[in-house]
Amino acid sequence: MLFDTHTHINDEAFNKDFDDVLHRADEAGVRQMVVIGVDRSSMERVFPIIDHHAAIYGAIGWNPEDAVDMTEADFSWIKVHLKHKKIVALGEIGLDYHWDKSPKPVQHSVFRRQIRLARAAGLPLIIHNREATADTERILREEHAETVGGVMHCYSDNLDWAKKFIQLNFFISFGGTLTFKNAQLQRDTAAEIPLDRLLIETDCPYLTPAPFRGKRNEPARVRLVAEKLAEIKGLSLENLAAVTTANARRCFHLDTDADRDSEQNK
Ligand SMILES: [Zn+2]
């Protein structure tokens with residue numbers, strides 16, 4: 001059984017064939033996934049999905065690229081909706097220096113405030129980092145993100161950085177880029193990551209693995225990521241699937257739902 005820890009099946013790219021997409025995921029052995037909203041409209045679309053599908057969990061958080069657009073009302077909305085019992089993480093949040101729409105200080109402030117929100121809610125984080133590794137690590141450390149931990153999504157940095165993120169209680173998640181020809185650094189890094197810290201994801205509809213690069217990605221294709229990671233780790237696909245699924249359930253506290261419910265009812 002496979003667990004796709006990072007999907008955007010709430011994206012309009014899936015409007016026309018949503019049920020077929022879920023059916024193909026099931027046939028590929030992808031039995032659990034997280035659907036992620038990153039702005040008001042995509043966050044709103046998370047809830048009907050998690051309310052109607054037992055094995056799909058949700059994450060909500062404001063993305064760094066649009067940090068300048070986040071209002072106090074958005075912040076309060078996230079705070080309230082984190083209480084839904086199938087919201088298992090706050091994210092994806094982080095820093096993205098590739099785009100210059102949101103100045104760095106604004107990105108930092110939106111990132112810090114949301115880390116504090118996750119800590120208050122006792123939820124793990126899903127971290128987006130693009131061309132901002134040193135600042136991402138520093139802010140996570142300064143905000144004591146290790147108290148909740150979480151996921152370094154679509155990891156593409158080297159092993160030294162990975163060790164720092166693992167020290168901060170994060171899991172390292174690999175996606176379709178692991179299968180790209182030019183991704184030798186990622187494969188070398190993945191080879192050294194401890195098994196109990198590995199996760200897999202699609203980030204669909206983006207980052208489609210080889211040999212389907214350029215097409216729309218979907219959760220069924222997390223199997224291709226799992227096959228590549230199994231090859232790198234010298235494990236059978238079944239073993240790799242079991243390990244990464246157990247890690248995902250541990251990361252998102254899915255084996256302690258009862259604890260969290262009783263905590264919230266106090
Ligand atoms: Zn994403």
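Here, residue 1 is the first one in the sequence, and each next residue gets the next number. Quick note: numbers below take in every heavy atom, side chains included, and nothing from hydrogens, waters or symmetry partners. Order of listing sets the numbers, starting from 1, for every ligand and every atom in it.
- Of all heavy-atom pairs spanning Ala210 and Thr179, the tightest one is N-OG1, 2.8 Å.
- Note on ring orientation: taking the six-membered ring where Trp is involved, the planes of Trp77 and His81 are parallel (angle under 30°, cut-offs 30° and 60°).
- At least one N/O/S atom of His8, whether from backbone or side chain, sits less than 2.8 Å from the Zn ion (ligand 1).
- Note on Glu72 versus Arg113: salt bridge recorded, some NZ/NE/NH1/NH2 to OD/OE distance being below 4.0 Å.
- The N, O or S atom of Asp203 lying closest to the Zn ion (ligand 1) is OD1.
- Taking the Zn ion (ligand 1) as reference, Glu92 places its N/O/S atom OE2 nearest.
- Judged purely by distance below 3.5 Å, without hydrogens or angles, the side chains of Arg249 and Gln32 pair a donor atom with an acceptor atom.
- Because the distance cut-off is set at 2.8 Å, His6 qualifies as a neighbour of the Zn ion (ligand 1) through one of its N, O or S atoms.
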